[in-house]
Structure formats: C-alpha cells, structure tokens
Novice: 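Sharing a structure below in structure tokens format, with a few things to ask.
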Amino acid sequence: MRIKKQLQLFLAGAVLIPFNAVLIIPVVDYIADESGISNASQFIIIGIITFIFELLIILFTLHLSKTIQKSIKFLQNSTKKLADGEVNDSLERRKSNRGANEITDLIVNLEKMRLTLRENEERRNKLIMGISHDLRTPVAVIKGYSEAIADGVITDPEEIQKTVQIMLSKSEQLENMINTLINYVKLNSQTWKKNLVNQPIEPMLSSFINSSVGTGTIFKRNVKGSINISKDISLPYDSELVQRALENLYSNALRYTNEGDEINLTAEETDSEIIVKIEDSGIGMEKKDQQYIFDMFYRASSSRREAGYGIGLSVVKNIIDIHGWKIDVESQKGVGTAFIIKIPKTN
C-alpha cells in the first residue's frame, strides 16, 4: 500500500478511534443500567475498549514505521554502488508491486540518473581518446621538425623556411582543434538554452542562402538556393549557433564535391514545420556510415577525403538538439548527400 494512503488511514484512525471511544461510553452506561452492571465493571469495559482502540493505533503506527524503514533500507542498498561511483550495474528494483511505495519508486528516477551518468562517462572517455588521437599527429610533426632544426639536420635556409611554415600550419591546426573542442564542451551545457530568443527565422535563412550562393561561385560549385517560408514566422533560437550549424553543413558540401558539382539549399514551409535542406551531388557516403555520422570523432569512409577532426557534425547535432529540432541525413555513395533539418513551428 502507498505510504500516502497509509498516512491517510492513520490520521483517520487517530481522529475516529478516540471519537468512537467517547461515543461508546453512553452505550455502555445504557447496557449497564439495563443489565445491572456495577460502575466498576463499566469502568473496566470502557478501559478494555479504549485499550483495544489505542492498541490498534500503536500497531498501525509500528506497521507504518516498519514500511518506511524497510523502503529506506531497500533504497540504500540499491543505490550503494551508485554512491560509490559504479554506474555500469542496474539498480535493484522490486520484483513485484508488493511493497512498492513512493520511496521505492525513487529507484526509477535514480536509474534514469545512472544511465545519464554512464552516458556522460562514456562520452567523456570517448572525448579523451579522440583528443589524444587527433592531437598526436600535429604535435608529432611540430616536434619532429623542431628536433630536425635543433639537431642541424635541416640547415638550408630555404628548407628551414619551409619547415617553419609547416610548423606554423600545424600550430594553427592545433589551435582550431582546441577551439572546436572548447565550443563542443560549451554546447553540452544547459546555459545555451537561456540564449534562445524568439525572433523571425526567414531573414537569417535568406542571409545564409544568399551568402552561400556567392561563396559557391568562388569555389566553382553550381550552388542554387530557394526559400519559401513566411516572413512572419518567429521562433526561439540562437542566431549565432544556428548559423554555425548551417555553415558547417555547407562547408561539408563544398569539401565533398568537385568543381561543377551541384549544391542545393532550400527552406520550405509545411503546416507544422519548416524544412531546411542542404543537398549536394558529391561523393556521398555508404549506408553503414550514416547512423554514426553525428557521433563525435567518427569519420565516414576514407574516400571522403577527411580533413576535419570528426567533431563538426557532432557540434551540429548538439546545436539542433539544443533547439529541440531534428536533423536527418540521406546519402548514396557516388550520388550525393542531403542533410535535412526539421524545425517545428510550435517550439
């Protein structure tokens, strides 16, 4: 039985039992008068009845205390491993509904917390492994060339100049990687949600599409853009973050297409949502890669000429999730890739 119900019964009994005991006194007096029972006998009868009522209250109080104590003990035993930092084992639950109450129900919420902690731990371990892997290459290059110059292996001034340029390039790469990682960590905090401002979305999308069409000309891509949404639609979003996500997707389209390939940027409106699509006719990706494409540090096929760190699309996914939107990918090897963002009108 739920603790709340038991408390309600206890309170009802605590009020009604003494009340009933008082009501019984005239009944006992009447019976005594009719039966000729002495006053001493009446007192004993009333005392026995009162004792029984009080005993019921005491027994019920003990039962309620025992229920709470057992529930707390069960909760302590179930969460001991969690308190010790072990998040891999599931929390023990009641095998049946018998004995379940508000306290034991906390196990459900604690189990959700355990799963979240385990997911965060896995993400952190993956982050550390990924950082170690991706930072190793530029650091090794810088170290190798520095030692070559220091040891006199490279002495020609022209070669030294080339080496220094390579070292500078790798230093910039390291700086970009660190900045990207810092941004990724920031995006995992809840503070960004406080920056979502209700504002028209059409001007931001129009600006992005128009800018992208101009950039496509420089990179010799056939970029087409169209926008067909109402200028009156306002939604809560962070303009800086959304533009970063869109530019990241567009940069991917440029990276994985060749000169003359097509890139289509569209924004359409339905009754319930806005659909933004960035589609290219580039090299595409295999189906097996598509389910992992938003995972941090995941790189698809090596044929996609990877130059990034496997973080960009994970950042995009985080930005979309922060806004409560959805992103999907459709791709076919040798045909092209399309990223589709769905933005609910009622957000």
Novice: Would you mind reporting whether I142 and L174 have side-chain heavy atoms less than 4.5 Å apart?
Specialist: yes
Novice: For the CG atom of D321 and the CZ atom of F294, what is their distance to the nearest 0.5 Å?
Specialist: 9.5 Å
Novice: Are I263 and K224 close enough that some pair of their side-chain heavy atoms sits under 4.5 Å apart?
Specialist: no
Novice: Test side chain to side chain contact (heavy atoms under 4.5 Å, CB included) on I320 and F339; report intermediate values, then the result.
Specialist: CA-CA 12 Å; I320 299 302; F339 286 96; over 6 Å; no
Novice: Consider side chain to side chain contact (heavy atoms under 4.5 Å, CB included). Of D280, D261, T215, I218, which one does L254 pass it with?
Specialist: T215
Novice: Decide yes or no for S212 and Y250: does some side-chain heavy atom of the first lie under 4.5 Å from some side-chain heavy atom of the second?
Specialist: yes
Novice: Classify the angle between the aromatic ring planes of Y237 and H323 as parallel (below 30°), tilted (30 to 60°) or perpendicular (above 60°).
Specialist: tilted
Novice: With sequence neighbours left out, write down each residue that passes side-chain contact (heavy atoms from CB on, under 4.5 Å) with D271, or none if nothing qualifies.
Specialist: none
Novice: Do other residues, nucleotides or ligands put more than 12 heavy atoms under 6.0 Å from E330 CD?
Specialist: no
Novice: Tell me if a side-chain donor or acceptor on R244 pairs with a main-chain N or O of V242 at a distance below 3.5 Å.
Specialist: no
Novice: If every non-hydrogen atom of A267 is compared with every non-hydrogen atom of L205, which pair is closest and at what distance?
Specialist: CB-CD1, 4.1 Å
Novice: What's the spacing between I209 CD1 and L265 CG if we round to 0.5 Å?
Specialist: 6.0 Å
Novice: Is there side-chain contact between I275 and T270, with at least one heavy-atom pair below 4.5 Å?
Specialist: yes
Novice: Do you know the tightest heavy-atom contact between E268 and S226?
Specialist: OE2-OG, 4.0 Å
Novice: Can you name the closest pair of heavy atoms from S234 and P200 and give their distance?
Specialist: OG-N, 3.5 Å
Novice: Verify, without hydrogens or angle tests, whether E202 (side chain) and I233 (backbone) share a donor-acceptor contact under 3.5 angstrom.
Specialist: no
Novice: I'd like to know if the side chain of N210 and the backbone of S206 have a donor-acceptor N/O pair within less than 3.5 Å.
Specialist: yes
Novice: Please report the closest heavy-atom contact between G225 and V213, naming both atoms and the distance.
Specialist: N-CG2, 4.1 Å
Novice: Does the pair I283 and V335 meet the rule for a side chain to side chain contact (heavy atoms under 4.5 Å, CB included), with working shown?
Specialist: CA-CA 6 Å; I283 60 178; V335 177; over 6 Å; no
Novice: If hydrophobic clusters are built from ILVMFWY residues whose side chains come within less than 4.5 Å, do V139 and V164 share one?
Specialist: yes
Novice: Main chain of E240, side chain of D238: is a donor-acceptor contact present, judged purely on distance under 3.5 Å?
Specialist: yes
Novice: Side chains of V316 and I327, heavy atoms from C-beta outward: is any pair under 4.5 Å?
Specialist: yes
Novice: Are any side-chain N or O atoms of S251 and backbone N or O atoms of E247, one a donor and one an acceptor, separated by less than 3.5 Å?
Specialist: yes
Novice: Please enumerate all residues that pass salt bridge (Lys or Arg N to Asp or Glu O under 4.0 Å) together with E269, with sequence neighbours excluded.
Specialist: K345
Novice: Is the backbone N or O of A253 less than 3.5 Å from a side-chain atom of T257, with the two atoms forming a donor-acceptor pair by type?
Specialist: yes
Novice: Tell me, do Q243 and S239 make a side-chain contact under 4.5 Å, heavy atoms counted?
Specialist: yes
Novice: Kindly indicate whether the side chain of T337, heavy atoms from C-beta on, has any atom under 4.5 Å from the side chain of Q332.
Specialist: no
Novice: Taking it one step at a time, do I319 and W325 satisfy side chain to side chain contact (heavy atoms under 4.5 Å, CB included)?
Specialist: CA-CA 9 Å; I319 291 173; W325 303 348; over 6 Å; no
Novice: Which value, rounded to the nearest 0.5 Å, describes the distance between Y145 atom OH and L168 atom CG?
Specialist: 13.0 Å
Novice: Measuring only between side-chain heavy atoms, which start at C-beta, is S331 closer than 4.5 Å to Q290?
Specialist: yes
Novice: How long is the straight-line distance from NZ of K277 back to NZ of K342, given to the nearest 0.5 Å?
Specialist: 9.5 Å
Novice: If every non-hydrogen atom of I341 is compared with every non-hydrogen atom of L246, which pair is closest and at what distance?
Specialist: CD1-CD2, 3.8 Å
Novice: Could you measure the distance from the CD1 atom of I343 to the CD1 atom of I201? Nearest 0.5 Å is fine.
Specialist: 4.0 Å
Novice: Roughly how far, to the nearest 0.5 Å, is the CG atom of D289 from the NZ atom of K287?
Specialist: 11.5 Å
